[in-house]
Amino acid sequence: MKKVVKFGGSSLASAEQFKKVGDIIRSDNERKFVVPSAPGKRNDDDTKVTDMLYECYALAEEGKDFKGKLNEIKARYQEIIDGLSLTLSLEDEFKTIAKNFKEKSGKDYAASRGEYLNGIIMANYLGYEFVDAAEVIIFGENGEYDMEKTNELMRACLSSLESAVVPGFYGAYENGCVKTFSRGGSDITGSIVARAIKANVYENWTDVSGFMVADPRIIYKPKSIDTITYKELRELAYMGATVLHEDAIFPVRSEGIPINIKNTNSPDDDGTWIVESTCQKSKYVITGIAGKKGFCAVNIEKDCMNSEIGFGRKVLQAFEDNGISFEHVPSGIDTMTVFVHQDEFMHKEQKVVSGIHRLADPDTIDIEADLALIAVVGRGMKSTRGTAGRIFSALAHANINVKMIDQGSSELNIIIGVANADFETAIKAIYDIFVLSQL
Ligand code: ASP
């Protein structure tokens, strides 16, 4: 059995947290491949090292003095090194970083140093080999990482090693220039390593005991999810559930490797298992609820649009021409609505409207702003009657006006559009009917 273990920033924010991580790794000799994030916040008022690096580099880019900021970052690492009683020195590394900042080596290079340095400390602390992610994670010219090339390189490199630390969050273009994933991207690195070594499990250690049925900022102490499928997770992560990066499942999914979300501060909790498929029923009909605010609905009306071939394509063309992706397109006989992200759409709205008029010649176009989308997700919905009915009666009882309904053809989710102002109340109403009233 081989396990890949990824630790998030809060699990590695201080020497004390590092020690917990060390105990976790040493307690199971299958935990041989480790992916660390950069040190996160030690308390609510603290700053993540990644954010400090972005700030520091911004000064360098403006030609301002960045030494003070860089020294603060150095102090964060020194505190960890001293707390672990290591003899390691990062002096030369910081000299190189300062030199590269002066030469304007790029924002991505700057941010990646958070994981890079933490990886060096972790490898030293555990006595594992350090592998620089820039040598094994390759990005193509389009800015996306090359999944197959990366897999080959990573596999070739790790197959000869007994144990290794691969820092999260970054890789490099073929020319060696460092490139990062989007924020939280160390989760993707962990998944890439798990695929490359064909791990039996990818353990993702964080500061919560797995996924919750709903966002704890909205629902007080929500129930946890024991098992969730990759597909369900995709829906929830995309709609705002933040425990795991939304792209982290792709590498492991191709090998059917399960992900276990675990809590560094409570290592005996089972956490959440993310799997390809399961015969385990979720505790409730729904597995989870997630949602996001900040959408706009563009309502397009034209008499007899349903019989006009190509109408939908022409409308969507206007969005494509302006580089706007759409979320949902519910339609009626004479109407069609396109849901888009408000911040993406706002600055281009008039261009899109005139584009629709030019391309599709509708009767009217009406824009409605400040909407939220809520996804109710659950593999159990397929075999249960009345789920939609229960959702809508709960919303009606809570006095919420439903603006849009979209049930995916897989019957895995139901998406509901409501006003931003009704977002929290709607989530509470759905949680109550499926979870609280089942207790
Ligand atoms: N350190 C990076 C961030 O703060 C990446 C990560 O933690 O996964 O987003």
Side-chain angles (χ1 to χ4, degrees), residues 4-14 17-18 20-21 33-58 69-70 72-74 76-77 80 90 93 97 106-123 130-134 136-137 139 143-145 150 154 165-172 178-195 202-208 211 233 237 240-252 259-265 274:
V4 169
V5 284
K6 179 258 163 180
F7 291 90
S10 56
S11 303
L12 299 168
S14 62
Q17 288 297 88
F18 254 80
K20 287 187 196 166
V21 166
F33 293 89
V34 183
V35 176
S37 285
K41 293 182 178 197
R42 290 161 294 185
N43 52 58
D44 287 349
D45 305 322
D46 205 10
T47 311
K48 288 179 170 194
V49 164
T50 309
D51 291 315
M52 294 170 85
L53 284 161
Y54 279 126
E55 278 171 42
C56 183
Y57 186 70
K69 206 81 247 122
L70 196 60
E72 280 177 38
I73 298 169
K74 199 167 157 189
R76 288 282 312 257
Y77 286 104
I80 296 174
L90 294 178
E93 295 293 348
I97 293 172
K107 204 170 153 216
D108 282 18
Y109 166 80
S112 74
R113 295 306 87 184
E115 274 64 13
Y116 172 81
L117 295 168
N118 233 16
I120 292 178
I121 298 178
M122 178 65 89
F130 174 77
V131 173
D132 187 354
V136 280
I137 295 185
F139 282 80
E144 302 287 326
Y145 86 96
T150 296
M154 185 75 85
V165 174
V166 185
F169 191 38
Y170 71 94
V178 168
K179 166 96 180 100
T180 60
F181 292 108
S182 56
R183 296 299 301 264
S186 301
D187 289 338
I188 307 174
T189 311
S191 185
I192 292 173
V193 175
R195 178 185 178 204
Y202 166 26
E203 288 181 348
N204 187 295
W205 292 81
T206 176
D207 51 9
V208 287
F211 272 89
L233 177 79
T242 53
V243 178
L244 192 74
H245 191 291
E246 68 187 48
D247 294 338
I249 58 161
F250 294 124
V252 285
I259 307 173
N260 189 192
I261 308 283
K262 299 272 288 173
N263 188 348
T264 302
N265 303 318
I274 305 165

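All residue numbers in this chain count up from 1 along the given sequence. Note that ligands are numbered from 1 as they come in the structure, with each ligand's atoms numbered from 1 the same way.
The protein atom (non-hydrogen) at minimum distance from atom 4 (O) of ligand 1 is Arg183 NH2, 2.9 Å. Closest to atom 7 (O) of ligand 1, if we only count protein heavy atoms, is Ser37 OG, 3.3 Å.
Asp51 has no carboxylate O lying under 4.0 Å from a charged side-chain N of Lys41, or vice versa, which leaves the two without a salt bridge. Between Glu55 and Lys69, at least one side-chain nitrogen of the basic residue sits less than 4.0 Å from a carboxylate oxygen of the acidic one, meeting the salt-bridge criterion. A salt bridge is defined here as a Lys NZ or Arg NE, NH1 or NH2 lying under 4.0 Å from an Asp or Glu carboxylate O, and Asp108 with Arg113 fails to meet this definition.
In this structure, the ring of Tyr116 has its center less than 6.0 angstrom from the ring center of Phe130. In this structure, Phe139 has its ring center closer than 6.0 angstrom to the ring center of Phe181.
Atoms of ligand 1 found under 4.0 Å from any heavy atom of Glu115, numbered from 1 in the order shown, are 1 (N), 2 (C), 5 (C), 6 (C), 7 (O).
No side-chain donor from either of His245 and Ser186 sits under 3.5 Å from a side-chain acceptor of the other.
Taking a 4.0 Å cut-off on heavy atoms, Gly168 fails to register as neighbouring ligand 1. Heavy atoms of Gly9 stay at 4.0 angstrom or farther from ligand 1.
The N/O atoms of Phe169, backbone and side chain alike, include none that comes under 3.5 Å of an N/O atom in ligand 1. Taking distance alone, with nitrogen or oxygen atoms compared against 3.5 Å, Lys6 stays at or beyond that limit from ligand 1.
Using a 4.0 Å cut-off between heavy atoms, Ser186 contacts ligand 1 through both its backbone and its side chain.
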